[in-house]
Amino acid sequence: LMTTTYAGFNDVHLTEKLREVHHLVVRRSTVRHIRLALGRPATRRRAAPQHRGRRPRKPALGQLVQLDASPYAWFEDRGPRATLHGMIDDATSMPLALYFRPHEDLHGYVTILDRTCRQSGVPLELYGAHLNVFVRNDPHWTLAEQLRGQQDPTHFGRMLPALGIGFIRAHSPQAKGRIERLWDTLQDRLTSELRLRGISSLDAGNAFLPEFLADFTRRFAQPPADPTPAWRPVPRDLADLLSCRYWRIVARDNTVHLGARWVQIPPGPRGRSYAGCRVEVRERLDGCLRVLYHDTLLATQPSPDPAFVLQPRQG
């Protein structure tokens, strides 16, 4: 049967078939010994477990910040399923910012980065998953990228160098175990606190998170090994740096289009027209649009909606 009907079956699968179809009660180890006696290789070779070492913590606050998101029934059966975005400091494992979103997305990560920078400072490095929000993980290369030898970064990937923040990719959940353990704690403690208060919506949950963070830090905060923090000052143009950037050509009527939105550019010095010029359009976290030409601000447009969601645009 191993060499005919079930040729190519792995040991476990073949053992199941022998028991269920042919009523041959044998163990997997017996099947393996027979296979080895026949000189047949394993269908799937089992790799030896890789050695993993415990990574020591960074000594100071702000040297390394881990970020991740956790989809979970945070509101249980009272509200929608949500994804909690979070950042924790590596030196203390304390959460720095938390934010509920319907799904894991760019808006959630930029929001917690903005809050961390404003409340604590700019970190030196971020440690995150191999996610397409952070890094390009698609096989597509344009001709310009091939000539340059590297792919264009994601929008989040452009924000980090502008802030002087490095990024380290985690290649497994175990590599970012500290924030994974935080999710286990929050799925117990935060969920209970939300239930206690009857909170059942994302807006109400986000309004409660600052109070929860303050209490959580007071109870579980541990001092870092180095008392001197490594946070850097927040730049004045943080809102501009935490924005999606696009290059556009000004239309003949001196307008710039970004999806369904468009911005009218006023005349320049001596009535100059900017038609045909290549300008940079920055879409901020709050939805405000800013058009720049050689670092000169040409026009702005306020947010179209208080509930604006920052997301990469096509085209």
Has [X] got a side-chain atom pairing as donor or acceptor with [Y]'s backbone, closer than 3.5 angstrom?
X	Y	result
Arg232	Gly164	yes
Arg19	Val26	yes
Arg248	His257	yes
Gln187	Asp184	no
Asp114	Val110	no
Gln66	Gly86	no
Ser303	Asp286	yes
Gln264	Asp253	yes
Thr154	Val133	yes

List for me each residue that meets ring-ring contact (aromatic ring centres under 6.0 Å, His included) alongside [X], sequence neighbours excluded, and say none if there are none.
X	answer
Phe156	Phe134
Phe75	Phe100
His107	none
Phe9	Tyr6, His13

Can you pull out every side chain to side chain donor-acceptor pair (under 3.5 Å) where at least one residue sits in residues 91-103? Sequence neighbours excluded, please.
Arg57-Ser93, Asp89-Thr92, Arg101-Asp105

Do the non-hydrogen side-chain atoms of [X] and [Y] ever get within less than 4.5 Å of each other?
X	Y	answer
Pro123	Leu64	no
Val122	Ile165	yes
Ile265	Thr255	no
His33	Arg28	no
Arg236	Asp240	no
Leu131	Glu104	yes
Leu213	Leu96	no
Cys244	Tyr246	yes

Can you hop from [X] to [Y] via hydrophobic side chains spaced under 4.5 Å?
X	Y	value
Leu297	Val281	no
Met94	Leu190	yes
Leu242	Trp231	yes
Met87	Phe208	no
Leu106	Val65	yes

Carboxylate-amine/guanidinium contact Glu193 Arg197, below 4.0 Å
yes

Which pair of non-hydrogen atoms, one from [X] and one from [Y], has the smallest distance, and what is that distance?
X	Y	answer
Ala162	Arg245	CB-NH2, 3.8 Å
Ser200	Pro80	O-CD, 3.6 Å
Val263	Ala299	CG1-CB, 3.7 Å
Gln63	Pro59	OE1-CD, 2.9 Å
Gly205	Ile199	N-CG2, 3.5 Å
Pro224	Leu61	CG-CG, 4.1 Å

Which label fits Tyr72 and Trp74: parallel for a plane angle under 30°, tilted from 30 to 60°, or perpendicular past 60°?
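Correct class here is perpendicular.
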
Excluding sequence neighbours, so at least two apart, what forms salt bridge (Lys or Arg N to Asp or Glu O under 4.0 Å) with [X]?
X	answer
Arg219	Asp215
Glu76	Arg78, Arg195
Arg252	none
Arg148	Asp152

Polar contact flag, side-chain donor to acceptor under 3.5 angstrom, Tyr293-Glu280:
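Absent: no donor and acceptor within the cut-off.
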
Testing Arg40, Arg35, Arg32 one by one against Asp11 for a salt bridge (Lys or Arg N to Asp or Glu O under 4.0 Å), which residue passes?
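Exactly one option meets the salt bridge (Lys or Arg N to Asp or Glu O under 4.0 Å) with Asp11, and it is Arg35.
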
Can you tell me how far the [atom1] atom of [X] sits from the [atom2] atom of [Y], to the nearest 0.5 Å?
X	Y	atom1	atom2	answer
Thr116	Leu126	OG1	CG	8.5 Å
Arg290	Glu283	CZ	CD	13.5 Å
Leu194	Ser201	CG	OG	10.0 Å
Thr111	Asn206	OG1	CG	9.0 Å
Phe167	Arg169	CZ	CZ	7.5 Å
His85	Leu67	NE2	CG	9.5 Å

Could you go through the side-chain contact (heavy atoms from CB on, under 4.5 Å) check for Leu289 and Arg282 one step at a time?
CA-CA 6 Å; Leu289 283 182; Arg282 297 187 180 184; over 6 Å; no

Can you give each donor-acceptor pair under 3.5 Å made by side-chain atoms of residues 268-276, sequence neighbours left out, with the distance rounded to 0.1 Å?
unit_1	atom_1	unit_2	atom_2	d
Ser273	OG	Asn254	OD1	3.4
Ser273	OG	Asn254	ND2	3.1
Ser273	OG	Ala275	N	3.2

Partner set under side chain to side chain donor-acceptor pair (under 3.5 Å) for Trp183, not counting sequence neighbours
Asp68

Steps toward side-chain contact (heavy atoms from CB on, under 4.5 Å) verdict (Val12, Val31)
CA-CA 9 Å; Val12 175; Val31 172; over 6 Å; no

Under the rule for side-chain contact (heavy atoms from CB on, under 4.5 Å), what residues qualify as partners of Ile249, not counting sequence neighbours?
Arg278

Step-by-step side-chain contact (heavy atoms from CB on, under 4.5 Å) determination, Leu124 to Lys58:
CA-CA 11 Å; Leu124 298 182; Lys58 295 293 184 180; over 6 Å; no

